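This report concerns only the one structure given below.
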Amino acid sequence: MNNKIKKINLNHSFIFFFVVNIFCILLFKFKNLNISSILCLLLILIVGVSHGSLDHIKGKKLLRLFNIKSTYIFYIIYILISATVIVTWMILPSLTLILFLIIASYHFGREDTQFLINDSSYLTQILYFFKGFLIILAPLYFHFQETIAIFKLLLVDNEVFYSSLNFIESNNIIQIGIICSTLSSIFLFLMNFEIKKFVVFLDYFSILILNYYLSPLIAFTVYFCFLHSIRHSISLAIDLDPNNLINGFRLFVKKALLLTILTAVFSFFVLYLLSYSNNLDSAILKIIFIGLASLTFPHILLEYFLEKNEK
């Protein structure tokens, strides 16, 4: 099954790289073509968030490993972790944002690459982090002021935080981080060398191209929905039906539909409440990034404990 996932993901990287180039060229040529933040929110809610909508099934599996019969315990803990992240963001936005960016970097690097790597050493985990760190560094490098503006809309008003970012930007430390990310892709390519693993560079250049041509929000939306989330959804579909990918996707959509709809309904309810004190774009950015943080933490913890206890 791993070979099947690898083959599909290899094709996916080729297709994504090709489509990204065409998409960015068209947007660059037709500069009056505008992609609204509400469209980004819809894509993230429909395509992006759905890749975590089977967490309740994984949660039940984890409970069985601990011989816990009540499934309500999983839902309570999951919701409590999400709520804690949101409250913590309200109280300590700078610290929570930094922690979220660190964890997200590792998560993106690992989830996007581990189908190619049969190694779980500490070195590999570090390489995953630096590879995924490109998702954070690229918008800062190509659109520094616009990225700073997003951070400010996310309630981050710590002067030390922004002074540190200005120091990093003015002293070319962002470029050093991108070099480290480049080296991590090279090491991952050379590790247990297979020529097929050069697709790590397709993903690498896709991220750079997206952030060069597009605004941070649009670049992130395209990456998150059509590279990261679809790649994860492919593995879930194959888990559901190893012999028929189409049927696996059908089962995945069926099982993920309820939680995806509930998440979307809740998000638009919060958007309605935030619209009283924020403009639309500001409210959407809060929902996308603070909302993703609140879902990412329990999602990653679930994946970690399930993987650890299945060994």
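Note that the coordinates shown come from a computational prediction; the quantities given were computed from them, not determined experimentally.
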Let's go through Q175 and N172 carefully: what are the C-alpha distance in whole Å and the side-chain angles of both, what is the deciding distance for side-chain hydrogen bond (donor to acceptor under 3.5 Å, both in side chains) to 0.1 Å, and is it a yes or a no? CA-CA 5 Å; Q175 289 92 318; N172 299 322; 3.0 Å; yes
Tell me, with the steps shown, if F249 and I234 meet side chain to side chain contact (heavy atoms under 4.5 Å, CB included). CA-CA 8 Å; F249 261 113; I234 287 171; 3.9 Å; yes
Go through the steps for S120 and Q125 under the test side chain to side chain contact (heavy atoms under 4.5 Å, CB included), then give the verdict. CA-CA 7 Å; S120 58; Q125 309 309 310; 4.2 Å; yes
Evaluate the ring pair (Phe, Tyr, Trp, His ring centres under 6.0 Å) criterion for residues F151 and F161: first the C-alpha distance (whole Å), next the side-chain angles of each, then the deciding distance (0.1 Å), finally the verdict. CA-CA 10 Å; F151 290 160; F161 176 80; 5.8 Å; yes
Does H232 form a ring pair (Phe, Tyr, Trp, His ring centres under 6.0 Å) with H107? I'd like the steps, not just the answer. CA-CA 11 Å; H232 191 77; H107 176 66; 7.2 Å; no
Decide side-chain hydrogen bond (donor to acceptor under 3.5 Å, both in side chains) for Y213 and N21; before the verdict, give the C-alpha distance in whole Å, the side-chain angles of both, and the deciding distance to 0.1 Å. CA-CA 10 Å; Y213 284 103; N21 278 275; over 6 Å; no
Please test L45 against T260 for side chain to side chain contact (heavy atoms under 4.5 Å, CB included), starting from the C-alpha separation and ending with a verdict. CA-CA 7 Å; L45 289 175; T260 301; over 6 Å; no
Would L285 and S37 count as a side chain to side chain contact (heavy atoms under 4.5 Å, CB included) if you check the C-alpha gap in whole Å, the side-chain angles of each, and the deciding distance to 0.1 Å? CA-CA 8 Å; L285 284 167; S37 57; over 6 Å; no
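V200 and F189 make their closest contact through CG2-CB, 4.1 Å (heavy atoms, listed as atom of the first residue, atom of the second, distance). Across all their heavy atoms, L155 and M90 have their closest contact at CD1-CE, 3.5 Å. S294 and I86 get closest at one heavy-atom pair: CB-CG1, 3.6 Å. Of all heavy-atom pairs spanning S105 and I136, the tightest one is OG-CG1, 3.3 Å. L154 and W89 get closest at one heavy-atom pair: O-NE1, 2.9 Å. Across all non-hydrogen atoms, the minimal contact from S50 to F252 is O-CZ, 3.5 Å.
Contact of the N158 side chain with the L95 side chain is not registered, since no non-hydrogen atoms from C-beta on lie closer than 4.5 Å. Taking the side chain as every heavy atom from C-beta outward, I102 and F133 never approach each other to under 4.5 Å. Side-chain contact between L245 and I238 is present, with at least one heavy-atom pair separated by less than 4.5 Å. Counting heavy atoms from C-beta outward, Y204 and I186 have side chains that stay 4.5 Å or more apart. At least one side-chain heavy atom of I38 sits less than 4.5 Å from a side-chain heavy atom of L271. Side-chain contact between T296 and F100: present, with at least one pair of heavy atoms (C-beta onward) separated by less than 4.5 Å. At least one side-chain heavy atom of E146 sits under 4.5 Å from a side-chain heavy atom of S215. In this structure the side chain of Y106 never reaches within 4.5 angstrom of the side chain of I300, judged on heavy atoms.
There is no side-chain donor-acceptor pair under 3.5 Å between N211 and H143. Judged purely by distance below 3.5 Å, without hydrogens or angles, the side chains of T113 and K131 pair a donor atom with an acceptor atom.
With values rounded to the nearest 0.5 angstrom, I76 atom CD1 is found 12.0 Å from I81 atom CD1. Within the model, atoms CG of L217 and SG of C40 stand 4.0 Å from one another, a figure rounded to the nearest 0.5 Å. The CD1 atom of I207 sits 11.0 Å away from the CG atom of L202 when rounded to the nearest 0.5 Å. Between the NE2 atom of H299 and the CD1 atom of I103 there is a distance of 12.5 Å, given to the nearest 0.5 Å. Distance check, rounded to the nearest 0.5 Å: CG of L63 to CZ of F74 gives 7.5 Å.
Taking a 6.0 Å sphere around CZ of F266, one finds it holds 12 or fewer heavy atoms contributed by other residues, nucleotides or ligands. In the displayed structure, Y223 atom OH is contacted under 6.0 Å by more than 12 heavy atoms of other residues, nucleotides or ligands. The environment of F187 atom CZ is sparse: at most 12 non-hydrogen atoms of other residues, nucleotides or ligands sit within 6.0 angstrom.
In summary, R231 and D203 engage in a salt bridge, as defined by a charged side-chain N under 4.0 Å from a carboxylate O. A salt bridge links R110 with E307: the closest approach of a Lys/Arg side-chain nitrogen to an acidic carboxylate oxygen falls below 4.0 angstrom.
Side-chain N or O atoms of H56 include one that pairs as donor or acceptor with a backbone N or O of S53 at under 3.5 Å. Not a single donor-acceptor pair under 3.5 Å links the side chain of K58 to the backbone N or O of L302. Looking at Y128, its side chain never comes within 3.5 Å of a backbone N or O of L123 through a donor-acceptor pair. Judged purely by atom type and a 3.5 angstrom limit, K286 uses its side chain to pair as donor or acceptor with the backbone of L153. With N171 contributing its side chain and I173 its backbone, the two residues share no donor-acceptor pair below 3.5 Å. T88 places a side-chain N or O within donor-acceptor distance of the main-chain N or O of T84, the cut-off being under 3.5 Å. Between the side chain of S163 and the backbone N or O of E159 there is at least one donor-acceptor pair closer than 3.5 Å. Side-chain N or O atoms of S233 include one that pairs as donor or acceptor with a backbone N or O of S229 at under 3.5 Å. Checked by atom type and distance alone, the side chain of N9 never pairs as donor or acceptor with a backbone atom of H12 at under 3.5 Å.
Ring centroid separation for the pair F18 and F14 does not come in under the 6.0 Å cut-off.
Relative ring orientation between F220 and F224 is described as parallel, the plane-to-plane angle staying below 30° on a 0-90° scale split at 30° and 60°. Using cut-offs of 30° and 60° for the angle between ring planes, the Y276 and Y272 rings count as perpendicular. The aromatic rings of Y212 and F142 sit perpendicular to each other, their planes meeting at more than 60°, with 30° as the lower class boundary.
Annotation: ring-ring contact (aromatic ring centres under 6.0 Å, His included) contacts of F226 (sequence neighbours excluded): none.
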